Each structure stands twice: as structure tokens, then as C-alpha cells.
Amino acid sequence: MGLVSEVLLLPFAPVRGSAWAIRQVLREAERIYYDPATVQAELARLEEQLEAGEISAEEFDRREDELLDRLQTGPRPGTYTGEGTGEGTAR
């Protein structure tokens with residue numbers, strides 16, 4: 001039965017491959033977005049903008065709160081599961 005289902009589902013292979021690729025890109029983007037080093041670098045840039053007078057103190061506070069929330073929240077649970085394949089585990 002497995003061979004028959006594979007043959008019947010063969011026309012959908014590009015869709016399944018595209019969906020897999022999209023999941024991988026989203027997983028990597030989320031990993032980078034929540035990476036503490038990335039957030040800390042953004043906080044440093046934000047502080048430089050404040051000191052240079054490019055943003056107001058209110059804007060600094062608002063954006064700093066967003067970054068700190070991102071640092072505390074982290075990725076959604078199950079982001080690094082890899083769907084049982086062992087890939088994408090926490091590094």
C-alpha cells in the first residue's frame with residue numbers, strides 16, 4: 001500500500017517540498033529573532049541611537065521594552081522539535 005500511495009501522491013511532491021522549505025526558513029528566522037546575541041546587539045544599537053539624539057527617550061523606552069519582552073519570551077514551545085527527525089534540536 002505504501003508504494004501505491006507514493007505513486008498517487010507523486011504530483012503533490014513539489015508542494016510537500018515547498019512546505020518543508022518554508023518551515024525550515026521560518027524556523028531559522030525565529031531562531032535568529034529570539035537569539036539573545038541578536039537582541040543584545042539591537043539593544044546596543046538602540047542605546048547608540050538615543051545617545052546620538054536620533055530617537056527620543058520615549059521611543060527608546062518603548063523599543064527597549066519590546067526587545068526585553070522578546071528576550072524573555074523566547075521562541076514558541078516546540079520550535080526546535082524537528083518533527084522527530086532529530087534536526088533542529090537546541091544547540
Side-chain angles (χ1 to χ4, degrees):
M1 182 77 174
L3 180 61
V4 173
S5 64
E6 286 297 319
V7 169
L8 292 174
L9 294 175
L10 192 58
F12 298 107
V15 174
R16 290 187 309 197
S18 296
W20 176 85
I22 290 169
R23 281 193 308 271
Q24 299 306 312
V25 169
L26 288 174
R27 185 175 290 131
E28 182 64 13
E30 191 170 62
R31 186 192 64 77
I32 292 170
Y33 181 77
Y34 287 110
D35 181 30
T38 302
V39 175
Q40 290 172 352
E42 289 183 35
L43 283 168
R45 268 184 258 134
L46 189 61
E47 189 171 349
E48 289 172 2
Q49 289 176 336
L50 177 66
E51 290 173 359
E54 298 172 7
I55 60 173
S56 66
E58 293 81 20
E59 176 71 9
F60 174 82
D61 288 339
R62 184 186 63 77
R63 291 173 54 192
E64 181 186 40
D65 288 343
E66 290 172 2
L67 289 169
L68 293 175
D69 287 344
R70 201 165 93 191
L71 193 60
Q72 291 176 346
T73 302
R76 293 186 325 260
T79 298
Y80 301 112
T81 61
E83 298 173 295
T85 63
E87 63 185 70
T89 55
R91 296 173 195 155

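Keep in mind it's a predicted model, so treat the numbers as computed, not measured.
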Quiz item: Would Arg27 and Glu30 pass as an ion pair if we require N to O under 4.0 Å?
Solution: no
Exercise. Tell me, please, which residues at least two apart from Gln49 pass side chain to side chain donor-acceptor pair (under 3.5 Å).
Key: Arg63
Exercise. Check side chain to side chain donor-acceptor pair (under 3.5 Å) between Glu66 and all other residues, then give those that pass, not counting sequence neighbours.
Key: Arg62
Practice problem: For residues 34-56, pull every pair meeting salt bridge (charged side-chain N to carboxylate O under 4.0 Å, His left out), keeping only residues two or more places apart or in separate chains. | Solution: Glu42-Arg70
Quiz item: Under a single-linkage rule joining Ile, Leu, Val, Met, Phe, Trp and Tyr whose side-chain heavy atoms are separated by less than 4.5 Å, which residues share a cluster with Leu71?
Solution: Val39, Leu43, Leu46, Leu50, Ile55, Phe60, Leu67, Leu68
Quiz item: Once you round to the nearest 0.5 Å, how far does OG1 of Thr38 lie from OH of Tyr33?
Solution: 11.0 Å
Practice problem: For Ser18, enumerate each residue passing the side-chain contact (heavy atoms from CB on, under 4.5 Å) test, keeping only those at least two apart in sequence or located in another chain. | Solution: none
